[in-house]
2 protein chains.
Amino acid sequence: MRQNAYNGCNNKNQVRNARMKQQKKRRVTLQQVAEHAGVSTSTASLIVRNNPRISEATREKVLQSMRELGYVYDRVAANLRSQTSTTVGLIITDISNTFFSEFLIGVQNTLEEVGLTVLLGTTFDSVAKQEQLISTMLEHRVGGLILCPVSGAAEETLSRLEQLDIPVVLAVREIADADCDFVGADYEEGTYKAVHHLIEKGHQEIAFLGGVKHSSTWTKRMKGLKKALREADLEVKNEFVIDSAPTREAGYEAVMELLRRPERPTAIFCFSDLVAFGVMQGIRKAGLIPGEDIDIVGFDNVPEAEISYPPLTTVSSFPRQSGKEAAQLLHDKIASSQHKKQRIILAPELVIRESSSKKRNA
Amino acid sequence: MRQNAYNGCNNKNQVRNARMKQQKKRRVTLQQVAEHAGVSTSTASLIVRNNPRISEATREKVLQSMRELGYVYDRVAANLRSQTSTTVGLIITDISNTFFSEFLIGVQNTLEEVGLTVLLGTTFDSVAKQEQLISTMLEHRVGGLILCPVSGAAEETLSRLEQLDIPVVLAVREIADADCDFVGADYEEGTYKAVHHLIEKGHQEIAFLGGVKHSSTWTKRMKGLKKALREADLEVKNEFVIDSAPTREAGYEAVMELLRRPERPTAIFCFSDLVAFGVMQGIRKAGLIPGEDIDIVGFDNVPEAEISYPPLTTVSSFPRQSGKEAAQLLHDKIASSQHKKQRIILAPELVIRESSSKKRNA
DNA sequence: CTGAAAGCGCTTACAG
DNA sequence: CTGAAAGCGCTTACAG
């Protein structure tokens, strides 16, 4: 409370207020540090940026002044002047899906290493929110963007970004007709493996539940499904295909609808693990046992798949690795504008657990 | 490609490069917009900030120029000049814990409504990383900070922030000896309810697994445990208390160690749902059945608790609501520096599921 | 190695 | 309602 020695004020509030005002207005500036240390601002600036041209003696002197004054570097001002950015936007559709948590960890770990900070936005699969988040991030001068597009995303979204010349990497889901860097798993191949596994077990009536129809992630899976069925001279039955939002709740609804239909499948391939969890819940609600009465396979291999009831057979799409690759790719793009478009497709792996591995008593 | 009309260059790369350079350097500025619309920069500035003083006609004219030129507002420059901030730092310990995903959703939804963007950082419970993230956020000029402290956090962390007069709200975990705004659940009461429930079921040998010893979240639970046991004339047995990191893996290890000891409890209260999932896995690994041989209770009521095997009895700590409250509180603090310290403690609720509700055959 | 001056894109008084 | 000028905290040439 030294600052208030000059007045005799005893009103605590006023004192406090005065102090706050003072501190709030006056962030210690590099110029003040320079003055305190007896050097020019340019010299101080070179020091905060670790320029080796400065003698060890001056550097130490200035660093000492910074400590004494409690200096905090203003990266925002620096970025503005030098026309650079130390932030990156990350837009995902649903953080409560642990697929995205894992993806986010991969992104963050990688960006942190190169000194970039993440501005996070969640769209909940709404086009409007996606566009709004992109605007916000642009206004905040992000140096690049990792975008997991909503299912209804159109090419216009990208051309807008391209016009501003801001580096973008798409992840998880592609955008129709868009030529853009992309990181994701091979959903077609993954689905093929999953369905092939079910067919080998003797299943002939296989349903496909969940996912937004005609989104790229859904279409790819549908291709894989068809391929596997065709090889076994089987066909996709329309009454066994029900699309939905990619959530647990929607999976529950979808399987309830399925079970109301005249025919019943012996196995279900689910769009994602999240959908599969809802499907298993629904099956049980209907008095059936997942993994015994109906086999279930998911997609993603989120951490919970291992501990679900029963443990879920699924296709690993390596979310953390995807995040890492996306961040790496974006960082490369930011560094060199020369970068040519890349597609990084991770090979999926089938992980067989109890939801599809018991002997069938057909 | 109009820009290149003056040269005869056919090298695609060079052309592309030239274009990028040009676009990269020249972000459209408010001044350019003003010129294009034939008004002064001040007028344009008032318009971007939705000042009603401007006539509808000029406003429309300027907005039209913005569209034509592809103007993007530079919030960073604006914030620098006006000494404000439109970002908030959020530091959590582990995003793969869906407790924090839910918390994050609560924070984001609330902040978004008031036009604030989240800078996200994850500490993985490392003190060093926490301090580093705080520095980064300060350098990025966040207007405030929501901090879920690491278990070893000390008061110094806060005094540093206080000195800079940056609004802070602690969430989930408190810091010893620190007087700071706080949002969290009543862990003591929650634990009391959980353990009381076990005792009512006839359990006398109750273990407490997981959580970092002496962290505030652990200590509060320990108090609740003791209170419930004391009421039933029972005591805490040291060999039934094993601390650990608050993760699934650590829960697994903890129960494995527990089962190696001479005595075995009939029920386990777990620090969190995540720990409980690991515990149930370990119990099963040891050939026992959770919910039959040993009853299990978790804490948090994360979404997976409902679909685990068996469904987990747990104490709901309302993560999404906590996030909402924390964001709201921070926003209030930012708005009025007059704010006095608050503690928002949510009342926990016991959610009984199969992991502790079957009849006991003791 | 150091200093004085200009400028990043915006907002802020202040005068009209 | 509009305009000219200064300034937020930094970096960038450029001259010494």
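Here is the naming used below: chain letters follow the sequence lines, and residue numbers restart at 1 for every chain. Keep in mind that this is a model prediction, so the values were computed, not measured.
For the pair A:Arg53 CZ and D:dC14 P, the computed distance is 14 Å after rounding to whole Å. Rounded to whole angstrom, the span from the CG atom of A:Asn51 across to the P atom of C:dT2 amounts to 11 Å. Rounded to an integer number of Å, the gap from CG of B:Asp74 to P of C:dC8 is 12 Å. As a whole-Å value, the separation of B:Leu80 CG from C:dC8 C1' is 9 Å. The CG-P distance, from A:Leu46 to C:dT2, rounds to 9 Å in whole Å. Nucleotide D:dG9 holds its C1' atom 15 Å from the NE2 atom of B:His140, rounded to whole Å. Regarding B:Arg59, its CZ atom lies at a distance of 10 Å from the P atom of D:dC1, rounded to whole Å. Spacing between atom CD1 of B:Ile47 and atom P of D:dT2 amounts to 8 Å, rounded to whole angstrom units.
The side chain of A:Arg27 contributes no N or O atom lying less than 4.0 Å from OP1 or OP2 of D:dG9. For the pair B:Gln83 and D:dG9, the criterion of a side-chain N or O lying under 4.0 Å from OP1 or OP2 is met.
Scanning both residues, B:Lys333 and B:Asp181, for their nearest heavy atoms gives NZ-OD1, 2.8 Å.
Residue A:Leu30 is in sugar-phosphate contact alone, with no base atom involved, counting any heavy-atom pair closer than 4.0 Å across all strands shown.
We find that A:Asp125 and A:Arg173 are joined by a salt bridge, their nearest charged nitrogen and carboxylate oxygen being less than 4.0 Å apart. Salt-bridge formation is not detected for the pair A:Arg343/A:Asp179: no Lys NZ or Arg NE/NH1/NH2 atom is positioned less than 4.0 Å from an Asp or Glu carboxylate oxygen. A salt bridge does not link A:Lys324 with A:Glu112: every distance from a Lys NZ or Arg NE/NH1/NH2 to an Asp or Glu carboxylate oxygen is 4.0 Å or more.
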Worksheet entry | Nucleotide-level pairing of DNA chain D, given in dot-bracket where Watson-Crick and G-U pairs need both distances under 3.5 Å and | marks other strands | |||.||||||||.|||
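For the side-chain contact (heavy atoms from CB on, under 4.5 Å) criterion with B:Val107, the lone passing option out of B:Val88, B:Leu90, B:Val169, B:Leu116 is B:Leu90.
Near-neighbour residues of DNA chain D inside residues 33-40 of chain B, defined by a heavy atom below 4.0 Å, number-ordered: B:Val39, B:Ser40.
For B:Ser42 against D:dA4, a side-chain-to-base donor-acceptor contact under 3.5 Å is present.
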